[in-house]
Amino acid sequence: MAETYDFRTVERKWQHRWERDGIYRATGASDRPKYYVLEMLPYPSGDLHVGHAKNYTLGDSVARMMRMLGYDVMHPMGWDAFGLPAENAAIARGIDPATWTAENIANMQRQVRLMGTSYDWTREVATCEPEYYRWNQWLFLRLYEEGLAYKRAAPVNWCPHDRTVLANEQVIDGRCWRCHNVVERRNLSQWFLKITDFADRLLADLETLPGWPERTRTAQRNWIGRSEGAQFAFGIEGLDAKIEVFTTRLDTLYGATFVAIAPEHPIVAQLKGIVSKKNAAAIDAFAESLKSKSELERTSLMEKAGLFTGAYAINPLSHEHVPIWVTNYVLSDYGTGALMGVPAHDERDYEFAKAHGIAIAEVVIPPGREPTEPLTEPFCEDGRLIASDDFSGMSSARARDSIAARLTALGLGKKTVNTRLRDWLISRQRYWGTPIPIVYCETCGEVPLPDEALPVLLPGHVQFTGEGSPLEQIESFVKTVCPRCGGDARRETDTMDTFFESSWYYLRYLDPHDERLPWEKAAADRWMNVDQYIGGAEHTVLHLLYSRFFYKFFHDRGWVTGHDEPFERLFHQGMVLYNGEKMSKSRGNVVGIDETADTNGVDAMRLFLLYVTPPEDTSDWTDEGISGRVRFVNRVWRACEPFFGGGASDVRALPQASTAEEKALVRAVHVAAKSAIDETTSRRFHYNATVAKLDELVNALTVAVQKAPESPATVYAAHALPVLLAPFAPHIAEELWERFGHDRSVHLEPYVRPDEAALAVDEITLVVQVNGKIRARVAAAPGLSEDAALALAMDEANVRAQTDGKQIRKRIYVADKLLNLVVA
RNA sequence: GGGGAAGUGGCGGAAUGGCAGACGCAGCCGCCUCAAAAGCGGCCGAGGCAACUCAUGUGGGUUCGACUCCCACCUUCCCUACCA
């Protein structure tokens, strides 16, 4: 009896045995229905903490539940292994990125296994391996064939010291995060994917994803930013050219008192030709002052600044001449890079006009306003038009249509739709990524490589100086021959954004060793779509939008069939805080997997993470909290220990239960089973409630073991416990199951099926209300009639006191729960 | 500025229109022990001697009945942000 539960030995033992026996492999061939549960591909940063464990524990519990409910479960794991940290380690410490990454993967793999997860490791992928990234290149070529991958010049963040492009996140206060030099915006020739072609479908199909969190769908809607409006042109005084503007408020056209353009707008060069030398110089100075600012600084942090160019634009309908300004608040890559300024009806234009003494003309008024009153703030809603020629008197909505019709008739403009979404820039001037399979030939120009030339391998033994793209400096990589003419050619030295490989990895898992295709269509037919995707909310847009884009492309090509969305249901798990803060290595505020596995045990860790909050909420890791689950694990062990070696008992047969205690104990088994199953099938995953039911069961079992160890109900409850626990605390469940005398894994058992008879209770508490207030609670047999309930209620002095001498106007009876008497 | 989620004991939370506070943590009391730890048992929203009353951010509404549904407001967290 004195044997205490040795979680370290037991957990290690079963992790090895599961690995050896391969019990978690997805078969694909069985007659079971499929279920694909996936957690977002992790970046192998080196070390896992309990925040990661929350994500994997949830996914693993779902996978284990679904297996025990009879599904053929696909539950794979892999590594998002390209990316900057590996290259930075190389620059800082001279470690080869491939070596650094491989070491991290090895360590994280160990830690993921340590968590008792049930992944099918035969499907593991690492995106930095040629066997994976060659298919990146293959997919890139397919996109290229259809014009969905193209190269064009675009403004980017450029660090002049490191001579490389930086991602927006790597620019801090306008300076390079590594060398702290001021970052410039530069026009560079870059590779893009034409995601904007899919904007309408990406937007509309969000409606086909009811299993996604509303906030994520909303975030994607906002990101795509479809806005309906009109595009039309202003003429320019003294210049045979036009400035196109986009607006959603065509009804305010007569209120335009200026035209604002971005300093990068191509018209600026022509304008400089028609204004004074002084003005032209001022424009250059203004543009120069903005050049070094990142987009972030220009748009969010700066005051609205601007400069009158000296030129005037001509309103196409009112023929008014209005000043043209260059400003920092007009974005060069949204709409046309120019807008009509209507201070009376737009917040930003109002602010700008006030600051620079520009005229304000009111053309839309709310009902009841006298247009003679001076304007104290812009009116930005719809109203009725004034001072707008023959459009005056119209409602805003009608005016938008009428003005658009007039512009269209005159050939000056038309209704259009603008999207905020921009094409996806995938070029990176970095080494540790997928080489883009393009060469530049002196005679043929830009030439895609044929499929036989794949993979374009990343060269090894590279010197990292931190300056510029390492690939550019490797002559043996750059120098090649043109596949078309055989002449001299140079390879593209840009590599792909790592979001490229994570946009399709869920398909590679299904056919990970295929050497002819990225995946066999039959595999996708069997397994897609991903039934449940689990990951953090930080990916509400980027990864999830890119993956949707790719999947629609695959669908159009016929490589996948069915719903053209990859992820049927999506779940965002919450963060884990420690000491009230996000875990962070630099602040020493981390609870590591290795430490907690060693001090508390993995089962206790998993149970705590599931139990502490509903999975979507932020939870706090506390030492007290985890010790509560350690106690629970030990209680489970002690409650089951008396039955070791007593022979395996069939938990599928209900035991004889005669006393109220026995019935309650058997019921507790089925209540817990019902909770686990309901939380799984409802996709709510509130296993915190399930673990609480398991607590109640173990509490009842602990008492029963003391009072009635021989009772069939006690024996039954003890033997059922490992089955109930298996998805959540897989190690102790397996150990108990073996000690009970079973020779097959508990994880291959069917889950306990909730039984109606076992769930039924002998006695219910009927709540008696008078006018909605509780006046009595009476014990009764379930299923009693309304009349019988009324009779019981009227036996209660409290009920009589409230009803005597009054007429009962209405009775509400909820069977086995409540009787409400409404009296006059 | 826009959007999303959420406000329940000392704390984490349970209760998806029907007994508010399950379960756990912390705390208190007891048993066991020479003692401690562990374990086991009990108490644990507020007021009141009590019967009872009050109590789920605030104010309204719907309903026989609201933590739950609707409206407004307050607070907190997350995302996003000059998108014309």
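Throughout, protein chains are lettered first and strands after them, A, B, ... in sequence-line order, and every chain is numbered starting at 1. For clarity, every value in this text was computed on a predicted model and none was experimentally measured.
Residue A/His265 contributes atom NE2, which lies 16 Å from atom P of B/rA84 at whole-angstrom precision. As a whole-Å value, the separation of A/Asp333 CG from B/rA84 P is 13 Å. Distance A/Leu818 CG to B/rA20 C1': 15 Å, rounded to the nearest Å.
Looking at residues two or more places apart in sequence or on another chain, you find a side-chain hydrogen bond (donor to acceptor under 3.5 Å, both in side chains) between A/Ser318 and A/Asn315.
Within 4.0 Å of A/Gly225, counting heavy atoms only, lies no atom of the nucleic acid at all. If you check every strand for non-hydrogen atoms under 4.0 Å, A/Ile774 touches sugar and phosphate atoms only. Using a 4.0 Å heavy-atom distance criterion, A/Val814 is classed as a base contact. Heavy atoms of A/Asn820 sit under 4.0 angstrom from at least one base atom. Among the protein residues, A/Gln769 comes within range of the nucleic acid bases, having at least one heavy atom under 4.0 Å from a base atom. Among the protein residues, A/Pro614 comes within range of the sugar-phosphate backbone only, with heavy atoms under 4.0 Å from sugar or phosphate atoms but none that close to a base. Among the heavy atoms of the strands, none lies under 4.0 Å from A/Arg811. Among the atoms of the strands shown, base atoms are found under 4.0 Å from some heavy atom of A/Tyr611. A/Ser227 comes within 4.0 angstrom of sugar-phosphate atoms only, judged by non-hydrogen atoms across all strands, and of no base.
Ring geometry, A/Phe308 versus A/Trp325: the interplanar angle falls from 30° to 60°, so the pair is classed tilted.
Within the structure, ring-ring contact (aromatic ring centres under 6.0 Å, His included) pairs that include any residue of residues 665-697 of chain A comprise A/Phe571-A/Phe685, A/Tyr687-A/Phe728 (at least two apart or interchain). Applying the side chain to side chain donor-acceptor pair (under 3.5 Å) test to every pair with at least one member in residues 334-345 of chain A, sequence neighbours left out, gives these pairs: A/Ser227-A/Tyr334.
A donor and an acceptor atom sit less than 3.5 Å apart, one in the side chain of A/Lys304 and one in the base of B/rC82. The base of B/rG1 has none of its N or O atoms less than 3.5 Å from a complementary donor or acceptor on the side chain of A/Glu347. One donor-acceptor pair, N or O on each side, does fall under 3.5 Å between the base of B/rC19 and the side chain of A/Arg777.
Nearest nucleotide to the side chain of A/Asp617, out of B/rG13, B/rC82, B/rC64: B/rG13.
Contact check of residues 666-691 of chain A against RNA chain B (heavy atom, cut-off under 4.0 Å) returns A/Arg684, A/Asn688.
To the nearest 0.5 Å, atoms CZ (A/Arg629) and CZ (A/Arg631) are separated by 9.0 Å.
The residue among A/Ile812 and A/Gly625 whose nearest nucleotide of RNA chain B lies closer to the 5′ end is A/Gly625.
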Exercise for review: Decide yes or no on side chain to side chain donor-acceptor pair (under 3.5 Å) for A/Ser682 and A/Asp678, but give the supporting numbers first.
Suggested key: CA-CA 6 Å; A/Ser682 70; A/Asp678 286 351; over 6 Å; no
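Taking syn as a glycosidic angle within 90° of 0, B/rG9 qualifies as syn.
Between the P atoms of B/rC34 and B/rA46, the separation comes to 37 Å (whole Å). For the C1' atoms, the distance from B/rG18 to B/rC71 is 24 Å, rounded to whole Å. Taking atom P on both B/rA38 and B/rG27, the two are 11 Å apart, rounded to the nearest angstrom.
Cation-pi geometry between A/Lys304 and A/Tyr329 is met: the NZ or CZ atom falls under 6.0 Å from the ring centre, inside 45° of the normal. Both the sub-6.0 Å distance and the 45° axial angle are not jointly satisfied by A/Arg569 relative to the ring of A/Trp212.
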Check your understanding: RNA chain B in dot-bracket, Watson-Crick or G-U pairs under 3.5 Å, [ ] crossing, | other strand?
Key -> (((((((..(((.....[....))).(((((.......))))).(((....)))..(((((..]....))))))))))))....
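More than 12 heavy-atom neighbours from other residues, nucleotides or ligands sit within 6.0 angstrom of CZ on A/Arg683. Annotation: A/Glu214, atom CD; neighbour count of heavy atoms from other residues, nucleotides and ligands within 6.0 Å is above 12.
Between A/Leu821 and A/Leu790 the shortest side-chain heavy-atom distance falls below 4.5 Å.
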**Study point:** Summary of protein contacts for nucleotides 35-52 of chain B, nucleotide by nucleotide, where a base hit scores B, a sugar-phosphate-only hit scores S (4.0 Å, heavy atoms)
**Key:** ----SSS----------S
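A/Lys773 has a side-chain polar atom (N or O) that falls below the 4.0 Å cut-off from OP1 or OP2 of B/rC54.
In summary, the side chains of A/Thr216 and A/His572 do present a donor paired with an acceptor at a separation below 3.5 Å, with no hydrogens or angles considered.
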